[in-house]
Amino acid sequence: MSGFFITFEGSEGGGKTTQVSLLAAALRGRGHDVVETREPGGTPVGQTLRQLLLRPHTGPPTDRLVSPAELLLMLADRAQHIHEVILPGLHAGRIVLCDRYADSTTAYQGYGRGVDLAEIARLNAFVCGACRPQLTFVLDLPVAVGMQRAHERRGAAAVDHFEAASVAFHERVREGFLAIARAEPARVCLIDAAQPVEAVHAAVLAGVRKRGPALL
Ligand code: TYD
C-alpha cells in the first residue's frame, strides 16, 4: 500500500467535514492526489445503507434497528467502502481522507449503545484487515456545543436518528473518542474543536507535519 490513510473522528458538530475539505485543499496545493470520502455512505451501496441507518425513527418500535443490526450495517458499509474506494485509492498512491471510520463504531455502537467493545474490535478487525488509518484526528468539543452547532447546520431539515439521541448517549460517545485517543496516542491526534475553524485547521496541519511522511 503506497498511499496514506487519514481519518477524522468525533461527535456531531465538531466540523469534521470542513476540516477534511481544508486539509484536502492544502495537500492538493502541494501536488498530492487526494481522495475525500466518508462513512456511512461513501459508495452507492453505502448510500442506501446510510438512508436506512440515519432515517428519523418516528414509526412504531418494530420499525427501529436493534443495536446489533445497526452495528452490522455500519460494518457492511465499511466493507463495501474499503473494497470500492479506500484500498483502490491507497494502492494508486493517493492520500485518502475519510470523514468517520472504525473509531466511530467503537464510540457510537460500543460506548454509546453499549455493544461489547471486544466484539466490536473483533468485527472491525475482520472488516478492515490491514486497512487501518496511519493518522486519526479526533475533533473534540463539549456535547452541548456540538449539539447546538448540529442544530444550526441542519436548519429546517429533519433531525436524524443519531442527532435525536439523548445528551447522555452523546456524552458516552464523547468519552469513547477520548478513551480511544488516550489508548493510541501514536495514531490519534486529539484536537479541541471548540476553537475557530482556522485554529483547528492549523492544528490539523501541525498533526500531519508531525506524524505524516513529509506530506506538507
Ligand atoms: P453524519 O451526518 O455523517 O454525521 P456527522 O456530520 O456528524 O459526521 O452521520 C453519520 C452518523 O452515523 C453520525 O451520527 C455517527 C454515526 N455513525 C455510527 O454510529 N457508527 C459508525 O460506525 C459510523 C461510521 C457513523
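Values below: all heavy atoms of this structure, side chains included; hydrogens, waters and symmetry mates excluded. For this chain, numbers begin at 1 and follow the sequence in order. Indexing begins at 1, ligand by ligand and atom by atom, following the structure's order.
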Is S11 in polar range of ligand 1, meaning some N or O pair under 3.5 Å apart? no
Hey, is ligand 1 close enough to R78 that some N/O pair sits below 3.5 Å? yes
Which of the numbered atoms in ligand 1 are below 4.0 angstrom from a heavy atom of L54? 9 (O), 11 (C), 12 (O)
What protein heavy atom lies closest to atom 10 (C) of ligand 1? Include the residue and the distance to one decimal. P40 CD, 3.8 Å
Paired with Y111, the side chain to side chain contact (heavy atoms under 4.5 Å, CB included) test is passed by just one of L178, L117, V173, namely L117
Is it the case that R78 places NZ or CZ above or below the six-membered ring of Y101, under 6.0 angstrom from the centre and within 45 degrees of the axis? yes
Protein contact to atom 21 (C) of ligand 1 [nearest heavy atom, distance to 0.1 Å]: M74 SD, 3.4 Å
Closest candidate by heavy atom, reference atom 22 (O) of ligand 1, pool D160, D99, T105, T106: T105
Are R55 and D63 within salt-bridge range, i.e. N to O under 4.0 Å? yes
Decide yes or no on salt bridge (Lys or Arg N to Asp or Glu O under 4.0 Å) for D77 and R50, but give the supporting numbers first. CA-CA 8 Å; D77 170 77; R50 182 182 170 90; over 6 Å; no
Taking atom 2 (O) of ligand 1 as the reference point, the nearest protein heavy atom with its distance: R50 NH2, 2.9 Å
Any idea which protein heavy atom is nearest atom 4 (O) of ligand 1, and the distance to it? R100 NE, 4.0 Å
Between T17 and ligand 1, does any nitrogen or oxygen pair lie at a separation below 3.5 Å? no
